[in-house]
Every structure is written in C-alpha cells, then in structure tokens.
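All chains are named by letter (A, B, ...) in the order of the sequence lines, taking the proteins before the strands, and each is independently numbered beginning at 1.
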Amino acid sequence: MAWDPREVSTPSVLLDVQDLVVRFPAKRGKGWIAPVNHVSLTVGHRETIALVGESGSGKTTLGRTLVRLLKPHAGHIFYQGQDVAQWTGRQLSAYHRSAQLIFQDPYGSLNPVHTIGTQLALPVRLHRPAKGADVTAEVEALLQDVGLTPAAEMRDKYPHELSGGQRQRVAIARALAVNPEFIVADEPISMLDVSIRAGILHLLQKLNRDLGLSMVYITHDLASAWYIAQRILVMYAGVIVEAGPSRDVVKQPQHPYTQLLLAASPGAQFSGPLPERSTRPPNLAIDRVGCAFQDRCPHVMERCRRETPALRHTDASREVACFLHSD
Amino acid sequence: MSESVPNDVVLSLRHVTIAYNGPPPVTVVRDVSLDVYSGEILGLIGESGSGKSTLAYAIMRILKNGTMTSGAITVNGRNVYGMSAEELRRFRWREMAMVFQTAMNALNPVLTVGEQMVDTLQSHLSLGRREARARALELLSLVRLDASVLDSYPHELSGGMRQRVVIAIAIALNPRLVIMDEPTTGLDVVVQRTILDEIVDIQRRHHYTILFISHDFPLVSSIADRVAVMYAGQIVEISEGRAIQDVGHVHHPYTQGLIRAVPQLIGDEPTAIGIPGNPPDPRNLPVGCAYQDRCPLVQPICRREGPQLTPVGDIVVACHVVQQEEANVHGLGSS
C-alpha cells in the first residue's frame with residue numbers, strides 16, 4: 001500500500017512545488033527537452049534540502065526556476081501559500097526579495113570594476129529602506145555576517161584582491177542583502193580549494209541556524225549533501241528518482257542511479273566495475289517513454305521501457321521512483 | 001624510500017626552483033626533489049597556487065613567463081634542460097607526454113579527432129596515412145571510444161569523450177612518462193570514475209609511469225601508489241597512496257587538515273573541519289615553515305627554521321613537530 005505524502009509532509013512548509021515542468025526547444029531536430037519533468041517537492045521552514053545529480057540532471061534548471069530566474073512551462077510553486085510560478089513584474093520583484101540564488105562561480109558572479117562595498121550597497125539601497133550612513137552600516141553588518149572582517153577594510157577591496165573563498169562570501173553577502181527567507185545555493189563550493197570549502201559550508205549552516213533561512217543546496221557531491229542537508233533528493237534526467245533523510249539515502253541508496261552515483265564517488269571506497277550498463281548521457285526529451293534511467297540501469301525490466309515509474313513512498317520518510325521498489 | 005628492489009627512476013627532480021618572471025621575480029616552486037619510479041602512479045596533491053601545475057610545465061619544459069632558476073630535471077636519464085630545440089621536440093611525446101586540464105582547449109576545434117591523431121603520429125613516426133589511421137583506431141579502442149569518433153569534431157563529443165581523446169593522444173607514442181594535470185576535473189562523478197579506472201587499467205597493462213596532479217584528495221588516494229603533498233611551492237609529505245587517507249596515520253599537519261577538511265562518505269557522521277587562514281603570499285613568505293600561521297601544532301622552532309623532508313616511519317615529512325614526536329617515541333622505546 002502506498003503512503004499518502006500529505007500525512008507525512010514537513011510540519012511547516014515554506015515552498016511547495018507541484019508537478020513542475022521546465023522545457024526548452026531541443027537543439028537538434030524538433031520537439032522539446034524537459035530538464036525539469038513533472039517535479040514535486042517541498043522545502044520546510046528552516047529546512048535545508050540537497051538536490052544531488054550530475055550534469056544534465058536538471059538540478060541547476062530546477063534551482064533557477066525555484067527562485068524564478070526561469071519561468072516554468074507548467075506546474076505550481078507555492079511560496080507561503082501563493083503560487084509564484086507565473087508571476088511577472090512587481091510581483092516577481094517582490095518574490096526576488098524573498099528568494100535568492102548563490103552561483104557556483106565566485107570569479108564570474110562579481111563585477112570586477114566595483115569595490116565590494118559598492119556591489120553590496122546596490123541591493124541594500126534597492127531592497128532596504130536605508131540611506132547614506134545607514135547603507136554603509138548595513139553593508140558592514142553584512143560583511144560581518146559572512147565572516148569578512150575587518151568589514152571596514154573589506155568594503156574598499158576589489159574582487160581580484162580576494163581569494164576564491166572570500167569572493168564566495170561576498171556573493172553570499174549579496175544574496176543576504178535583500179533579507180531573503182529562502183536561498184538556492186548552486187554548487188557553492190565546487191570551485192573552491194579543499195581547505196576552504198568547510199568554511200563556506202559552516203557559513204551556510206550558520207545562516208540556516210541564525211537567520212532561519214531555508215535552503216536548497218545543489219551539488220553533485222553526496223558527501224557534502226549529507227553534511228549540510230536534512231534531506232537529499234537525487235535527480236536524474238529531469239526527474240527526482242529518490243528522496244529521503246540524508247543519512248538513509250547515503251547509507252542505503254534504493255534507486256539504481258543513486259547506487260551508481262555512490263559507487264562512483266571518490267572516497268566511497270568502492271572497487272570493481274560500476275553498476276551501469278552503458279555510459280549514454282541522459283535522455284531529456286519531453287516525450288520519452290519509460291524510466292529516465294532505463295539505458296544505463298543494470299536492473300532494467302520490460303516494464304521500465306513502457307511505463308514511467310512514479311516517485312512513491314517506501315516508508316514514512318523515503319521515496320523512490322523505481323519498479324524494483326513498487327508493489 | 002625503503003624499497004629493497006632497486007627501481008629505475010623515470011623522472012628525477014633535484015632541487016628544482018622555479019620563479020615567475022618579475023619584476024620582481026616570484027618564486028613559486030622551492031627546492032623540490034622527487035623521484036618517480038618506473039611503472040608507478042605518483043599523485044601530486046596541492047591547492048591552487050601550491051606550484052603543482054608549474055612543476056608539471058617545467059618538466060615538459062613549456063613554462064610560460066617562468067624560469068627554472070636552479071636544479072635539474074631528468075626524464076629517462078636525459079637532462080630535459082640540456083637538449084636542443086630539435087632534440088626536445090623529438091623527446092616530447094615519445095618519452096614524455098602530458099594530458100592537460102581542459103580537454104576542449106587541448107584539441108583543435110577545426111580538425112577532426114582523426115586528423116589530430118594522425119598528425120601527432122606522423123610528426124613523430126615515419127608512418128603512412130593509412131598506418132597512422134589504423135594506429136589511431138587502436139588508440140581509440142584502448143580508451144573505449146567508438147571508431148566513429150575518428151571522423152568527429154571535438155564539439156560533437158561529450159566532455160568525457162574529449163578527455164579520452166586527449167588521453168589517447170598522450171599515449172599515442174608509448175611514452176614512458178605521462179603527466180596528467182587534473183585530467184578529470186570538471187567531469188561528472190560517474191564519468192570521472194570510469195576514466196580513472198581506464199587510466200589505471202591502461203597503466204597496468206602498458207607500464208606507463210604517471211605523474212597524476214590533482215587537488216582532489218580522495219580521488220588521488222584511490223589510484224596512486226605514492227602521494228606527494230605540496231604546500232606553498234614545497235613538498236611537505238610523501239606517503240603511500242593507501243596511508244594518505246588514513247587520519248590515524250602519521251601525517252604532516254597540512255595533510256591532516258586536508259583529510260578532515262571535506263565531508264567523507266564513510267563513517268557514521270560527516271564532518272568538515274576547515275583549515276583556518278589562507279596560503280601565504282609567495283612574494284612574502286614567513287621565515288621558517290610556510291604552514292606556521294595555519295598550523296595547530298606550531299612551535300617556536302617552526303618560526304625560525306624551515307623543516308626538511310625526513311623519513312618518519314613509512315612516510316617522508318617536512319615538519320619539526322612530527323619529527324620530534326617520532327624522536328621522542330624512539331627515545332622512550334630504546335631506554
């Protein structure tokens with residue numbers, strides 16, 4: 001018997017995404033590709049979830065759609081009860097004050113010709129009712145929040161004078177400048193040196209704890225997802241194939257794709273051939289038939305080629321989209 | 001190290017110091033000595049600015065805006081810096097080859113894969129076009145690429161396929177030494193694992209000697225026989241590949257820091273303990289150990305003298321504290 005997800009929904013939901021579809025024209029030939037293909041998920045108040053997947057999984061497209069830098073083709077994004085999926089203009093600006101994105105590349109996301117102070121003052125002026133000296137004070141407070149001290153000194157620096165980790169802190173400060181409640185962090189540590197990654201992870205944890213931010217952490221790295229998120233959602237070819245408490249997903253992966261991802265992860269101490277049948281890239285065609293993972297799955301069955309498995313609860317907290325686990 | 005069988009050394013670095021041209025010149029590799037033995041995979045780990053890629057470029061003698069100011073580099077017993085331009089041209093690719101970090105930039109976008117491979121083969125071997133194409137096909141199958149790739153342009157291939165092509169070109173002439181500079185960075189996890197498995201498989205069968213450069217700790221430790229850790233232009237530790245991930249093993253404090261810095265998949269709870277501070281500015285290095293300002297074990301001596309690489313147990317480490325602890329343990333043990 002299937003579980004009713006409504007019975008086990010998180011106590012207080014900030015973001016409730018239902019049946020979201022984002023599509024783009026296919027590069028070759030006709031038709032559409034859907035990097036987000038009927039995705040439903042929730043993010044609770046003060047909750048951090050991780051979207052884990054590889055390139056082509058749709059995780060970045062989904063993240064950008066959640067903060068409405070992209071407009072979905074279909075589906076709903078209920079933010080505190082209001083559907084922001086099709087908002088435009090003033091309404092959308094208002095949503096952008098609540099929902100912010102942190103980019104992967106701290107080298108490309110800052111303007112090289114402006115000081116850190118100037119870059120932070122702009123969103124502060126636009127989104128906070130502050131003037132003159134107040135702006136300076138707010139900018140310094142932001143720099144304090146993200147651990148860039150002494151703030152008065154950091155304010156006058158240019159991006160090229162900062163290390164990668166410091167730049168990513170500036171990018172985080174800029175996202176915080178509008179006092180958001182919800183942050184999508186897209187691979188925020190993948191371009192940073194190993195020794196400073198932990199510092200950024202700790203900062204994100206602190207913001208989650210102290211400012212009560214809800215967060216979607218996007219990554220290809222299961223280990224950092226486990227570290228920072230309460231729940232992990234694994235994406236493949238535009239769909240969520242597995243979701244559950246982070247520890248359970250890492251320790252007992254149920255979907256064959258999660259098992260493959262785990263086996264391939266450096267540090268998983270897996271040896272032997274990887275559990276996949278082919279290395280074919282994911283098929284994103286909107287009209288594909290059957291399971292998204294069928295070409296690579298070592299357990300593929302006849303049914304997987306005809307029908308698309310839905311994401312179903314296997315117990316109160318875990319979901320998987322795989323016929324191996326249904327019925 | 002304490003190998004009883006005398007291995008032959010394929011790559012030997014002696015007191016290599018490299019500076020980027022000024023003004024003023026900036027020394028980014030300082031007094032590096034290292035031997036890489038025939039048939040081994042030596043992992044070279046370091047963060048950005050540690051000098052690991054500069055060292056690779058120096059071995060290939062393709063430094064840009066930089067000069068090896070002292071030291072010697074020999075490959076297969078030949079002094080790389082004692083060759084004429086023509087000798088060097090023949091030597092490169094035949095005896096030593098390099099896989100560059102960005103596969104897209106390493107391939108020519110307006111030539112097919114086949115043309116580039118045939119070109120490489122013909123410029124070093126006296127092969128006819130047909131023979132060269134046949135050899136190119138052989139090489140592609142070695143890295144598990146379909147024959148159709150031969151007539152493809154680089155942009156038609158995925159990142160993983162391009163990287164396989166670059167690896168195939170690097171081993172085209174059966175060089176003894178292959179330098180791989182972050183060969184899988186930017187690739188997906190599964191593709192990365194597949195290519196690493198292929199590298200190890202090809203290496204085992206053809207006995208290449210590989211210098212594998214990366215910043216990814218778990219990745220290097222999974223494929224390397226030995227690992228050298230670089231910090232601020234110097235080698236601070238050389239260990240067995242298996243030992244390098246073991247936090248209980250004796251390590252340089254920087255290595256310990258790196259092991260703890262990223263969450264691990266094994267174990268009960270993931271932890272991440274960062275290393276405070278930033279690497280020192282190479283223009284303004286402190287007196288003594290370069291790691292002193294970030295080191296939890298720092299002692300007064302570390303601020304006076306730079307530690308030398310010294311054997312401690314089964315590793316070689318440049319750290320006063322680790323060396324002293326070892327001496328104390330031995331002192332107690334013998335009394």
Report the option among [options] that has the most heavy-atom pairs separated by less than 4.5 Å from atoms of chain A.
options: B:V190, B:I266, B:T271, B:I275; value: B:V190
options: B:G277, B:P263, B:P279, B:G274; value: B:P263
options: B:P270, B:P276, B:P218; value: B:P270
options: B:D268, B:V220, B:L187; value: B:D268

Whether over 12 other heavy atoms sit under 6.0 Å from [X] [atom1]:
X: A:R277; atom1: CZ; answer: yes
X: A:D210; atom1: CG; answer: yes
X: B:R204; atom1: CZ; answer: yes

Exercise. Of all heavy-atom pairs between A:E54 and B:V191, which one has the smallest distance, and what is that distance?
Worked result: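 Taking every non-hydrogen atom into account, OE2-N, 4.5 Å.
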Exercise. Which atom names give the shortest non-hydrogen contact between A:Y227 and B:A272, and what distance separates them?
Worked result: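 Answer, listing the atom of A:Y227 first, then B:A272: CE1-N, 3.6 Å.
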Which bit of [X] comes within less than 4.5 Å of chain A, counting heavy atoms only: side chain, backbone, both or neither?
X: B:E269; result: both
X: B:S222; result: neither
X: B:S158; result: neither
X: B:R294; result: side chain
X: B:E47; result: both
X: B:D188; result: both
X: B:I273; result: backbone

Can you measure from [atom1] ([X]) to [atom2] ([Y]) and round to the nearest 0.5 angstrom?
X: A:H220; Y: B:Q192; atom1: NE2; atom2: CD; answer: 7.5 Å
X: B:H215; Y: A:L192; atom1: NE2; atom2: CG; answer: 9.5 Å
X: B:L219; Y: A:S265; atom1: CG; atom2: OG; answer: 11.0 Å

Exercise. Does the B:Q264 side chain pair with the main chain of A:A223, one donor and one acceptor, at a distance under 3.5 Å?
Worked result: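 Such a contact is absent between B:Q264 side chain and A:A223 backbone.
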For this session: Anything in residues 194-204 of chain A with a heavy-atom distance to chain B below 4.5 Å? Please list those residues in order.
Result: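 Result: A:V194, A:S195, A:I196, A:R197, A:A198, A:L201, A:H202.
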Problem set entry | Neighbourhood of chain B inside residues 236-253 of chain A, taking heavy atoms under 4.5 Å as contact |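 Within residues 236-253 of chain A, the residues that come under 4.5 Å of chain B (heavy atoms only) are A:R247, A:V250, A:K251.
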Exercise. Of the backbone (N, CA, C, O) and the side chain (C-beta and beyond), which part of A:L274 lies under 4.5 Å from a heavy atom of chain B, both, or neither?
Worked result: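 It is the side chain, since no backbone atom gets that close.
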For this session: Measure A:S55 against the heavy atoms of chain B and call it side chain, backbone, both or neither at under 4.5 Å.
Result: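 Both parts, backbone and side chain.
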Problem set entry | Heavy-atom side-chain proximity of A:P266 to B:D216 below 4.5 angstrom |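 Yes, at least one pair of side-chain atoms sits under 4.5 Å.
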